[in-house]
Amino acid sequence: MVKVLATNLSGKQVFTDRGNVIGKLVDLNIKLKSGKVESIVVRAEDDTKVSVPLERDKDGLFVVPYDAVIAVKEGVVVSEDRLFERTSI
């Protein structure tokens, strides 16, 4: 897996594998003991059209489970199917 610095992730556009824009990545939630990324925190765009009910934090930002992230390059791609699986549990 390619290493990506956390500072390079901030501000990247986050969208689904179906082309729906979620917003801009603003933060990461990391488990302190393991250093494992648990979720990404995303500020919604005005034109956000996600059919999956995403969790929100106390500030109203989307919290996207990291296991739904399928690619990180110029932007962050999230699997809608994985998001649906997580919300139906």
Side-chain angles (χ1 to χ4, degrees):
M1 178 175 236
V2 176
K3 292 183 180 183
V4 178
L5 294 174
T7 55
N8 294 339
L9 293 174
S10 184
K12 283 199 180 281
Q13 189 168 33
V14 180
F15 52 96
T16 72
D17 55 345
R18 296 180 186 158
N20 295 317
V21 175
I22 298 174
K24 299 270 186 200
L25 191 145
V26 294
D27 210 348
L28 302 171
N29 288 322
I30 299 173
K31 207 171 212 175
L32 290 178
K33 284 189 175 185
S34 66
K36 180 181 175 186
V37 178
E38 291 188 318
S39 58
I40 61 173
V41 181
V42 181
R43 182 177 317 280
E45 295 285 312
D46 291 337
D47 58 346
T48 297
K49 294 178 185 170
V50 180
S51 58
V52 180
L54 292 170
E55 179 185 339
R56 291 187 183 253
D57 68 7
K58 63 180 177 30
D59 298 318
L61 303 173
F62 290 129
V63 178
V64 179
Y66 191 72
D67 62 1
V69 174
I70 55 177
V72 179
K73 292 198 180 190
E74 290 79 29
V76 179
V77 181
V78 177
S79 166
E80 280 196 34
D81 288 339
R82 290 185 192 167
L83 291 175
F84 272 118
E85 289 169 8
R86 303 238 347 154
T87 59
S88 63
I89 294 176

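Count residues from 1 along the sequence.
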Same apolar cluster (I L V M F W Y, side chains within < 4.5 Å links), Leu61/Val14: no
Are Phe15 and Val42 linked, directly or through intermediate hydrophobic residues, by side-chain heavy-atom contacts shorter than 4.5 Å (ILVMFWY only)? no
Does any pair with a residue in residues 50-62 pass salt bridge (Lys or Arg N to Asp or Glu O under 4.0 Å), and if so which ones, sequence neighbours excluded? none
Are the side chain of Lys24 and the backbone of Ser10 linked by a donor-acceptor contact shorter than 3.5 Å? no
Applying a strict under-4.5 Å side-chain criterion to I, L, V, M, F, W and Y, I'd like to know whether Phe84 and Phe62 cluster together. yes
Should Val72 and Leu83 be counted in the same cluster of Ile, Leu, Val, Met, Phe, Trp and Tyr side chains packed under 4.5 Å apart? yes
List the steps, then state whether side-chain contact (heavy atoms from CB on, under 4.5 Å) holds for Val37 with Val69. CA-CA 11 Å; Val37 178; Val69 174; over 6 Å; no
Between Val21 and Gln13, is any pair of side-chain heavy atoms under 4.5 Å apart? yes
Side-chain donor-acceptor pairs of residues 26-34 under 3.5 Å, sequence neighbours excluded:
residue : atom : partner : partner atom : Å
Asn29   : ND2  : Ser39   : OG           : 2.8
Ser34   : OG   : Lys36   : N            : 3.2

Taken to the nearest 0.5 Å, the spacing of Leu25 CG from Leu9 CG works out to 6.0 Å
Please examine the side chains of Val76 and Val64, heavy atoms only from C-beta on, and report whether any two atoms are closer than 4.5 Å. no
Closest contact, heavy atoms only, Ser79 versus Ile70: CB-CG2, 3.9 Å
If hydrophobic clusters are built by linking Ile, Leu, Val, Met, Phe, Trp and Tyr wherever their side-chain heavy atoms come under 4.5 Å apart, do Tyr66 and Val77 end up in the same one? no
Residues in side chain to side chain donor-acceptor pair (under 3.5 Å) with Arg18, at least two apart? Glu80, Asp81
